Q: 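Sharing a structure here in structure tokens format.
All values below were derived from every heavy atom in this structure, side-chain atoms included, with hydrogens, water molecules and symmetry-related copies excluded. Quantities reported herein were computed from a predicted structural model and do not represent experimental measurements. Numbering of residues begins at 1 and proceeds along the displayed sequence.
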Amino acid sequence: MQKHLDELLGSFEHEDISSKNNPLITNLVFDSREVTEGSLFFALPGTHINGNKFIPSAIEKGASCVVYEGELDENIKEDAKDKCSFIKVKSARFSMSPIADAFYDHPSKHLIVFGVTGTEGKSSTVSFIWQLLRLCGKKAGFFSTVQYSLGDEAIANPEHQTTPEAPIVQKELYEMWQNGCEYAVVESSSHGLSERTNRLGNVVFDCGIFMNVTLEHLEFHGSYEQYKSDKANLFRYLDKYEHIKNIKGKDIPVSSFGIVNLEDPAATYFINATKKPVVGFTTEGKAGKSAAENASEALALPAIPTDIPYFSGRNIASARFGLSFSIFPNEDREAMTTGNSHIIHVKAPVPGAFNAYNLMAAIIAVSRMTGIDSNTVAENCTKLESVKGRMSVVDCGQPFEVIVDYAHTPSSFETIFPPVKNRCSGKMICLFGSGGERDHTKRPLQGEIASKFCDIVILTDEDPRQEGSAAVINEIAEGCYKAGKKEGENLFLIADRKKAIREAFKMAKKEDIVLLLGKGHENSIIYKDHIMPYDEISEAKAALTEMGYNKKN
């Protein structure tokens with residue numbers, strides 16, 4: 001892919017431009033180490049270092065254009081005037097999206113695009129949509145925190161970043177298009193939807209899916225309201241563009257729509273964020289934290305809007321290796337009560353009652369967008385595969401159960417603990433940490449919730465970063481103490497995660513359940529001075545093997 005600069009200039013606002021004769025741009029780069037001959041280099045402002053510092057290095061490596069913000073030494077421009085064009089913009093990071101969109105020929109206009117946002121459930125819902133599309137005979141690509149596919153089989157995502165920077169987003173959508181995909185499924189994080197990063201600002205979404213919004217990432221967004229608003233940009237984007245897609249050379253009008261989890265208090269906010277039709281879904285509180293609360297403790301579920309169609313998930317049965325439930329549409333309320341409605345039966349080999357939310361959203365999205373009967377779509381759920389690190393069972397023949405899950409927020413704890421507790425005939429032991437240099441407010445809440453449901457709590461490293469292990473773990477422990485846990489009795493602080501896992505397994509007895517939380521699919525632990533390669537499932541298997549258990553699972 002290559003384009004002359006003048007083909008890109010109309011795609012973004014710029015304050016000043018000094019250009020040599022319309023250079024040929026061969027690729028887009030925001031890391032000076034990756035610059036090659038003909039690159040357009042985005043000099044991004046950083047937390048500690050301004051990207052303008054790397055402009056001379058980029059020019060030396062062959063950059064033919066530099067996009068920058070702020071002030072730049074005029075000597076740099078003068079010295080490189082015959083080699084490089086300079087474009088000053090208000091925000092170099094914001095400009096990446098329109099430039100990349102133009103550079104890659106507006107790829108989302110050639111794909112039907114699903115976007116999934118939420119504090120929890122994004123990766124699983126994205127995966128289920130992608131798998132169901134393929135099982136229904138549609139060619140699709142996706143990218144998420146855990147995996148990605150450009151049209152072929154899914155492969156692991158090596159990065160911690162959920163939504164990549166805009167040039168990568170547009171390049172991957174372009175490759176999906178070139179590989180013959182008709183559909184793309186995009187995990188849409190709050191960072192990616194924020195106008196501060198604009199990573200998804202030029203993606204033409206046709207279906208926006210809202211799972212939930214709880215306290216998370218306040219270190220970036222500043223407040224819950226801003227966090228919620230940034231996520232709702234996904235629904236605002238439904239109104240932003242014309243939904244005429246050129247699929248395999250044919251112009252196809254797409255009826256765009258939104259899907260919302262009606263159990264979340266922010267559901268109405270998201271419904272009102274778009275003028276497009278919105279469909280709702282609910283388990284009537286039977287798959288979330290409400291299912292485990294006493295009537296006196298349970299918060300009332302939000303009122304269901306009367307002006308949108310919705311679906312109810314009922315008869316939820318969750319077991320160690322699978323889940324089954326039924327979906328009732330609300331179009332005919334009398335039929336729903338008499339049992340004569342168009343009921344959709346779902347059975348999937350994915351554990352965890354909370355997956356009822358993810359599966360309902362996926363079935364509705366695929367059926368409504370493709371026009372395939374919902375029962376036909378749902379029948380394919382028996383062939384679904386769980387996402388790595390999402391309620392993954394590790395079975396090496398040990399007498400206790402081991403589950404690995406990515407849960408790392410108070411709300412995700414409230415979702416996964418109740419159904420596990422309900423079926424646990426022994427003790428529950430949980431092990432987790434919290435991310436360093438991230439939201440502090442959630443840490444004591446994590447500790448308090450875990451202590452409420454689990455008999456033994458072990459606090460350990462997640463990604464300490466510059467903050468360090470002790471500071472993070474001690475803040476979580478405050479919530480454990482508040483809930484009555486005592487260090488050395490039923491609360492243990494073991495920073496070394498590998499050691500902590502082994503201690504947890506030593507404590508576990510027959511019929512106990514051990515939950516290893518927070519790392520899930522991730523492939524490293526980030527420390528102050530190094531990044532340690534790490535895989536939770538592999539580490540759990542290694543620890544069990546050391547104890548003499550060697551059954552392969």
Side-chain angles (χ1 to χ4, degrees), residues 119-120 212-224 227 265 288-294 296-299 354 403-422 424 427-497 499-501 503-504 507-508 512-520 525-526 536:
T119 307
E120 294 103 21
N212 49 52
V213 57
T214 62
L215 284 175
E216 179 74 334
H217 301 306
L218 298 190
E219 80 288 341
F220 176 82
H221 300 280
S223 69
Y224 168 80
Y227 178 42
K289 68 175 184 176
S290 298
E293 292 179 339
N294 297 324
S296 60
E297 298 175 336
L299 294 175
F354 62 85
I403 298 172
V404 173
D405 193 78
Y406 188 53
H408 61 284
T409 64
S411 58
S412 61
F413 280 14
E414 289 176 322
T415 298
I416 71 163
F417 284 138
V420 176
K421 183 75 171 178
N422 288 343
C424 181
K427 291 183 177 180
M428 275 179 61
I429 303 170
C430 71
L431 176 153
F432 65 95
S434 198
E437 300 182 319
R438 297 296 185 266
D439 184 13
H440 290 251
T441 60
K442 74 175 186 179
R443 294 174 186 171
L445 295 175
Q446 286 177 284
E448 187 174 355
I449 294 165
S451 298
K452 172 184 174 182
F453 288 101
C454 299
D455 301 283
I456 297 173
V457 175
I458 301 174
L459 304 182
T460 189
D461 285 340
E462 185 179 301
D463 286 311
R465 298 187 174 87
Q466 296 291 322
E467 193 173 348
S469 301
V472 177
I473 289 174
N474 288 336
E475 285 193 2
I476 306 172
E478 290 300 320
C480 299
Y481 301 142
K482 181 179 178 181
K485 287 290 190 278
K486 295 182 179 179
E487 190 173 345
E489 293 183 14
N490 47 22
L491 172 65
F492 301 88
L493 281 55
I494 307 171
D496 184 324
R497 195 168 182 110
K499 181 180 178 181
I501 287 175
E503 291 300 317
M507 296 177 196
D512 290 351
I513 298 179
V514 181
L515 296 109
L516 309 179
L517 307 176
K519 294 306 293 181
I525 298 178
I526 304 172
E536 189 96 299

Q: Evaluate F432 against L515 for side chain to side chain contact (heavy atoms under 4.5 Å, CB included), listing each step before the verdict.
A: CA-CA 8 Å; F432 65 95; L515 296 109; over 6 Å; no
Q: What's the spacing between T409 OG1 and L445 CG if we round to 0.5 Å?
A: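 That separation rounds to 10.0 Å.
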Q: Taking all heavy atoms of L493 and all of A477, pick out the closest pair and write down the distance.
A: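 Distance-wise, the nearest heavy atoms are CD2-CB, 4.4 Å.
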Q: Can you tell me how far NZ of K427 sits from CD1 of I456, rounded to the nearest 0.5 angstrom?
A: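 Here the rounded value is 5.0 Å.
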Q: Would you say the side chain of V514 lies within less than 4.5 Å of the side chain of M507, judging by non-hydrogen atoms?
A: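 Contact flag for M507/V514 side chains = no.
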Q: So, taking the atom named CD1 in I458 and the one named SG in C480, what distance separates them when rounded to the nearest 0.5 Å?
A: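 Separation between the atoms: 11.5 Å.
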Q: For side chain to side chain contact (heavy atoms under 4.5 Å, CB included), just list the numbers for I416 and L517, CA-CA rounded to whole Å, side-chain angles, deciding distance to a tenth of an Å, and then say yes or no.
A: CA-CA 10 Å; I416 71 163; L517 307 176; 3.7 Å; yes
Q: So, using side-chain contact (heavy atoms from CB on, under 4.5 Å) as the criterion, who are the partners of S434 when residues are at least two apart?
A: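 Result, side-chain contact (heavy atoms from CB on, under 4.5 Å) vs S434: K442, R443, Q446, V472, I476.
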Q: When rounded to the nearest 0.5 angstrom, what distance separates CE in M428 from CG in D512?
A: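 With rounding to 0.5 Å, CE (M428) is 10.5 Å from CG (D512).
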Q: When you look at I429 and F492, which way does the side chain to side chain contact (heavy atoms under 4.5 Å, CB included) test go after all the steps?
A: CA-CA 11 Å; I429 303 170; F492 301 88; over 6 Å; no
Q: What pair of heavy atoms forms the shortest contact from V404 to G520, and how long is it?
A: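 Residues V404 and G520, closest heavy atoms: CG1-CA, 4.0 Å.
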Q: State, to 0.1 Å, how close D405 and A407 come at their nearest heavy-atom pair, and which atoms those are.
A: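 Scanning both residues completely, I find the closest heavy atoms to be OD2-N, 2.9 Å.
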Q: Got a sec, which residues hit side-chain contact (heavy atoms from CB on, under 4.5 Å) with Q466, two or more places apart in sequence or on another chain?
A: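 Per chain and number, Q466 pairs via side-chain contact (heavy atoms from CB on, under 4.5 Å) with E437, K528.
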Q: Does F413 form a side chain to side chain contact (heavy atoms under 4.5 Å, CB included) with C430? I'd like the steps, not just the answer.
A: CA-CA 10 Å; F413 280 14; C430 71; over 6 Å; no
Q: P464: what forms a side-chain contact (heavy atoms from CB on, under 4.5 Å) with it, not counting sequence neighbours?
A: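 Residues passing side-chain contact (heavy atoms from CB on, under 4.5 Å) with P464: D461, S469, I525, Y527.
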Q: Looking only at heavy atoms, what is the nearest atom pair of A450 and F417, with distance?
A: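 Taking A450 first and F417 second, the nearest heavy atoms are CA-CE1, 3.7 Å.
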Q: With distance as the sole test, does K421 use its side chain to make a donor-acceptor pair with the main-chain N or O of F453 at under 3.5 Å?
A: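 Yes; judged by distance alone, with no hydrogens or angles, the pair exists.
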Q: Without hydrogens or angle criteria, can the side chains of E120 and Y406 be said to hold a donor-acceptor pair below 3.5 Å?
A: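 No, no side-chain donor-acceptor contact under 3.5 Å.
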Q: Does N490 use its side chain to pair, donor to acceptor, with the backbone of K485 at less than 3.5 Å?
A: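 Pair absent, no side-chain N/O of N490 close to backbone of K485.
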Q: Output yes when a side-chain donor or acceptor of T460 lies under 3.5 Å from a complementary backbone atom of A495, and no otherwise.
A: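 Here the side-chain-to-backbone pair exists.
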Q: How far does NZ of K482 sit from CD of E478, to the nearest 0.5 angstrom?
A: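 K482 NZ to E478 CD: 10.5 Å, rounded to 0.5 Å.
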Q: Going from CG on L431 to CG on L516, what distance comes out if it is rounded to the nearest 0.5 angstrom?
A: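 Here the interatomic distance stands at 5.5 Å.
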Q: Testing K519, R438, H408 one by one against D463 for a side chain to side chain donor-acceptor pair (under 3.5 Å), which residue passes?
A: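 With D463 as partner, K519, R438, H408 yield a single side chain to side chain donor-acceptor pair (under 3.5 Å), made by K519.
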